Amino acid sequence: MPTRPRTTEPGTRTVPQALRPGDRVAVAAPAGPPDPELLDRGTALLESWGLEVTVLPHVRDTHLGHLAGRDADRAADLTAACADPGVRAVFCARGGYGTQRMVDLVDWPRLAAAPPALLIGSSDVTALHEAFAVRLATTTLHAPMPATGAITANPTSAAHLRTVLFEPERVTGLPLTGPQLVPGTARGRIAGGNASLLAASVGTPTAFPPDGCLLLLEEVGEEPYRLDRILTQLLRAGVLHRAAAFVLGDFTDCGPPHEVEALLADRLGGLGVPVACGLPAGHGPLQLTVPLGVRAELAAGSLTLLEPPLAARTAGGAPGGRPASGVQAAAERSKAADHGTAAGREPAGRTAAGRGG
């Protein structure tokens, strides 16, 4: 069976390759249960890009009302897709809550032995971004997810993700539209994601130490005093002191913007490194795709990528024409078995509470 060639950047990161029309990709649900209509819309958009999309067997399951199936099933879905050489990328359907529950059940040795699949997601998926960095030393994409409406409702978000996936060499920087709370210049790999998920990972085996990184922070639905608690936890744990700079994304529904900005300046401004605001990433109406693990430079209020988000496709990585992968066959068996009506599933239109769409 054809495999995904492993393209290792000099240093410490393995960079997955760009996609092509005809590639097989999978949709997983490591956290909350996706809304069926949003899931269908998102997968249809991915198919319109020429991708062959497999929705994994347990994506439409529910457990305890707020999880997309049992922890072991969600981990098994992710493991099977990422270890399958016929699957080029795994899109996380949505965030919510639950990734922390399944991350230690993923078969990391099996994934380490396989060519790298590209992980795509944000919000609660921050726990997986950290784990992929720690366990696999693989770059990932902090990006809008197919069952959140973020790419179907905003053409600019969709177009940016598509460009990163198919033409990564065209993506040379990301805009910063906010103020520089602390001016300065820094270089390093981009890391981070949702602030509360980073705080929740402290002390776990997959917490990523952001030594010398440009640390992305974003948040949703946390009032200033709760955001203060999250940042203070990261400060007390020694996490924030390790970053070379901070790149701040959206802080959606976190209180009055001037209060949020003042809090960020208070908690981050004394660390002696640059702090820049206004990256359209996180939970806002515009969600750009941010490559994690890729080297970049923060200077004069702009973020410049020093290397493409994904590796160029090499000879032998021809798209399409692959035999049905194991994960695709399992998904087809599951679909035939339950026809979308598994017991315990949440009614259509209900969205489980939690972080991230």
Side-chain angles (χ1 to χ4, degrees), residues 3-20 23 25-26 28 30 78 81-83 85 87-92 99 103 106 108 111-123 125-145 160-174 187-194 197-198 201 206-216 218 243-244 247 249 279 281 288-298 303-314 317:
T3 62
R4 299 181 297 260
R6 180 175 290 273
T7 304
T8 304
E9 173 220 0
T12 58
R13 292 292 180 274
T14 300
V15 184
Q17 292 186 349
L19 301 186
R20 290 177 182 168
D23 280 345
V25 300
L78 186 77
C82 290
V87 175
R88 288 279 181 178
V90 177
F91 292 81
C92 296
T99 309
V103 65
V106 173
W108 295 109
L111 299 194
L118 175 62
L119 178 75
I120 302 161
S122 58
S123 193
V125 180
T126 296
L128 282 176
H129 288 306
E130 288 194 283
F132 269 60
V134 171
R135 299 294 196 195
L136 306 176
T138 301
T139 64
T140 57
L141 295 181
H142 182 282
M145 297 173 286
H160 190 256
L161 174 58
R162 185 177 184 179
T163 300
V164 170
L165 291 174
F166 291 92
E167 302 176 280
E169 69 282 354
R170 292 181 52 199
V171 182
T172 59
L174 293 164
R187 284 190 174 196
R189 298 185 188 278
I190 305 173
N194 184 264
L197 266 294
L198 296 176
S201 289
T206 55
F208 177 71
D211 297 324
C213 288
L214 309 184
L215 191 61
L216 165 66
E218 63 86 18
V247 179
L279 178 63
L288 298 186
T289 298
V290 182
L292 301 180
V294 168
R295 295 179 64 249
E297 180 179 62
L298 176 65
L303 186 63
T304 301
L305 301 183
L306 301 179
E307 55 203 12
L310 298 174
R313 195 67 165 262
T314 61

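Residues: numbered from 1 along the sequence shown. This structure is a prediction, so every number in the text was calculated from the model and none was measured.
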Arg88 vs Leu118, side-chain contact (heavy atoms from CB on, under 4.5 Å): CA-CA, chis, key distance, verdict: CA-CA 6 Å; Arg88 288 279 181 178; Leu118 175 62; over 6 Å; no
Sorted by chain and number, sequence neighbours left out, side chain to side chain contact (heavy atoms under 4.5 Å, CB included) with Thr126 holds for Asn194, Leu197, Leu198
When you look at Leu216 and His129, which way does the side-chain contact (heavy atoms from CB on, under 4.5 Å) test go after all the steps? CA-CA 12 Å; Leu216 165 66; His129 288 306; over 6 Å; no
For Thr99, give me all partners under side-chain hydrogen bond (donor to acceptor under 3.5 Å, both in side chains), at least two apart in sequence or on another chain. Asp124
What residues, two or more places apart in sequence or in another chain, satisfy side chain to side chain contact (heavy atoms under 4.5 Å, CB included) together with Thr172? none
Which residues pass the side-chain hydrogen bond (donor to acceptor under 3.5 Å, both in side chains) test with Thr289, sequence neighbours left out? none
For Phe208, what residues pass the ring pair (Phe, Tyr, Trp, His ring centres under 6.0 Å) criterion, not counting sequence neighbours? none
Side chain to side chain contact (heavy atoms under 4.5 Å, CB included) test vs Ile190 passes for just one of Leu292, Leu298, Thr139, namely Leu292
Gap separating the CZ atom of Phe91 from the CD1 atom of Ile120, nearest 0.5 angstrom: 3.5 Å
My understanding is that only residues two or more places apart in sequence, or in another chain, count here; which of them pass salt bridge (charged side-chain N to carboxylate O under 4.0 Å, His left out) with Glu169? none
Run the numbers on Leu174 and Val290 for side-chain contact (heavy atoms from CB on, under 4.5 Å), then give the verdict. CA-CA 8 Å; Leu174 293 164; Val290 182; 4.1 Å; yes
Going from CG on Leu128 to OG on Ser122, what distance comes out if it is rounded to the nearest 0.5 angstrom? 11.5 Å
Evaluate the criterion side-chain contact (heavy atoms from CB on, under 4.5 Å) for residue pair Val171 and His160; output intermediate values, then yes/no. CA-CA 9 Å; Val171 182; His160 190 256; 4.1 Å; yes
